[in-house]
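Here the structure comes first, spelled out in structure tokens, and everything after it is commentary.
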Protein chains: 2
Amino acid sequence: MRDVTSSRTPTRNRGSRRAEILDAAATLFAARGFHGVSIEDIGGAVGVSGPALYRHFSGKDALLAEMLLNVSQRLRASAAEVVTGAGSAEQMLDTLIAGQIAFALSEPALITVHDRELGNVPEPERRAIRRLQRLYAEEWVTVLAELYPRCPAADLRAAAHAVFGLLNSTPHSAGDLPRETMAPLLHRMARAALSAIVGERGVGERGDTERGVGERGR
Amino acid sequence: MRDVTSSRTPTRNRGSRRAEILDAAATLFAARGFHGVSIEDIGGAVGVSGPALYRHFSGKDALLAEMLLNVSQRLRASAAEVVTGAGSAEQMLDTLIAGQIAFALSEPALITVHDRELGNVPEPERRAIRRLQRLYAEEWVTVLAELYPRCPAADLRAAAHAVFGLLNSTPHSAGDLPRETMAPLLHRMARAALSAIVGERGVGERGDTERGVGERGR
DNA sequence: CGAATCAGTTAATGATGACTAACATCACGA
DNA sequence: TCGTGATGTTAGTCATCATTAACTGATTCG
């Protein structure tokens with residue numbers, strides 16, 4: 001359904017405009033949020049003005065939907081490939097981590113939009129995206145379950161999401177470190193965080209039940 | 001500047017409406033984004049309709065500004081208190097982590113809005129908020145620098161932000177685990193992630209330079 | 001050479017939304 | 001009791017914005 005690059009590609013410069021628009025829109029959405037960006041803004045960012053977008057997308061919603069669908073498909077496919085392939089669970093986990101880092105570092109805007117704007121995707125494709133996201137997370141859980149068989153799946157899921165948060169934080173603290181330093185640092189941190197899933201007593205076990213920070217405004 | 005609860009408090013139920021509005025707005029902003037929420041929506045959420053808000057805030061921007069300023073002040077003050085107080089660096093770090101977890105778990109909406117919507121705050125207070133956020137991060141860096149004196153400050157900063165990402169991920173993976181399980185899990189993961197700042201060779205050092213995930217759409 | 005289609009353009013149109021104005025309560029304090 | 005100020009209400013106003021319409025220039029295929 002919904003033919004991408006309808007039937008034959010438009011003679012000369014194939015879907016380049018389409019990709020250009022998606023790219024510019026991702027950057028803008030990441031910076032100002034879906035509703036903070038106008039069709040005019042997106043058009044302007046690629047050198048055309050306003051309603052030219054409707055030659056490529058059926059609307060702003062559809063643009064966002066395609067963008068997120070694309071991202072979640074890429075992530076999911078790459079994770080599935082890793083987990084289906086050969087190697088120990090340890091190796092798989094390292095490859096999953098490396099893949100997520102590479103993605104977060106090379107496409108920070110997409111990562112940002114991907115976990116912020118799902119709520120603005122219209123319903124048919126919203127479900128599809130959510131499903132792909134869930135499948136992606138489950139690939140991680142599968143590998144983690146092999147490494148920590150005693151651990152409840154819910155804990156593994158929560159831990160996986162926490163690591164996503166860790167790895168996807170790069171867009172926010174961007175630019176401070178060169179990629180060659182940042183990537184191994186994140187990898188080590190993610191690896192260590194996951195090693196801590198199992199509940200050894202005595203690390204920092206106290207204090208988590210304390211009240212909220214600075215209970216003033218109540 | 002800009003008197004909160006102007007001069008004397010309004011006769012009966014002091015600033016309760018104000019707080020109520022801030023609370024409802026935080027939830028809405030977290031769910032649909034600043035521009036995705038209308039003044040009517042916010043009013044409706046507290047049982048008044050529309051422009052009643054202007055009796056309490058000078059505008060939508062000002063509402064957001066006050067909300068974020070409040071959050072960053074609370075976070076910063078609590079961290080400063082920890083670091084200024086007594087205890088080893090290890091203890092301080094645990095207390096910082098516990099504080100951040102408590103905040104993220106008890107006020108997920110505020111945490112979400114806090115690191116998404118800064119860009120929509122008008123300029124006078126935008127700088128103030130950014131400054132407080134920076135100071136908060138620097139409290140962490142101070143403690144980390146004591147624990148890892150050989151490590152460049154830039155790395156520590158990046159690591160701190162990564163841990164913020166890890167801890168603040170709770171709003172997204174919300175509900176899966178009870179707080180009594182989630183809090184210690186996050187604490188252990190954060191602690192372990194920070195222990196990995198120092199670059200031991202041989203953990204997962206390969207593979208981070210690989211290409212982006214599923215290099216299709218190019 | 002056409003005819004068709006792609007890819008743009010500018011000018012409506014119709015909603016929505018932030019903010020203002022003008023008017024109503026109602027609880028005090030003098 | 002009267003007035004004053006805090007707090008609401010409803011009905012504009014003015015912008016902004018997504019989307020559509022009507023039209024134009026190319027490029028390619030027959």
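Below, read A as the first sequence line, B as the second, and so on, with proteins coming before strands; counting in each chain starts at 1. This structure is a prediction, so every number in the text was calculated from the model and none was measured.
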Say whether, by atom type as modelled, one donor and one acceptor occur between the side chain of A:R76 and the main chain of A:Y136 under 3.5 angstrom. no
Rounded to whole Å, the CZ-P distance (A:R18 to C:dC6) equals 13 Å
Given D:dT20, C:dT9, D:dT9, identify the nucleotide with an atom nearest to the side chain of A:S49. C:dT9
Among D:dT7, C:dG17, D:dT9, the one nearest any side-chain atom of B:H56 is D:dT7
Which whole-number value in Å describes the distance from A:L53 CG to C:dC6 C1'? 15 Å
Judged by nearest nucleotide, the residue sitting upstream toward the 5' end of DNA chain D, A:R55 or A:H35, is A:H35
What is the separation between atom CG on A:D61 and atom P on D:dC17, rounded to the nearest whole Å? 16 Å
Do NZ/NE/NH1/NH2 and the carboxylate oxygens of B:E117 and A:R32 come within less than 4.0 Å? no
Salt bridge check, A:R131 against A:E138: does any charged N sit closer than 4.0 Å to a carboxylate O? no
Whole angstroms only, please: what is the CZ-C1' distance between B:F57 and C:dC19? 16 Å
A:I39, nearest nucleotide to its side chain (from D:dA18, C:dG8, C:dC19): D:dA18
Which residue lies more 5' along DNA chain D, comparing B:P51 with A:G50 via nearest heavy atoms: B:P51
Measure from OH on A:Y54 to C1' on D:dA22 and round the result to the nearest Å. 17 Å
Separation of D:dG8 P from B:E40 CD (nearest whole Å): 14 Å
Listed nucleotide nearest any side-chain atom of B:R17, set C:dG17, D:dT20, D:dG8: D:dG8
B:K60 atom NZ is separated from D:dT16 atom P, nearest whole Å, by 15 Å
Could you check whether any side-chain N or O of B:S169 sits under 3.5 Å from a backbone N or O of B:L166, counting only pairs where one atom can act as donor and the other as acceptor? yes
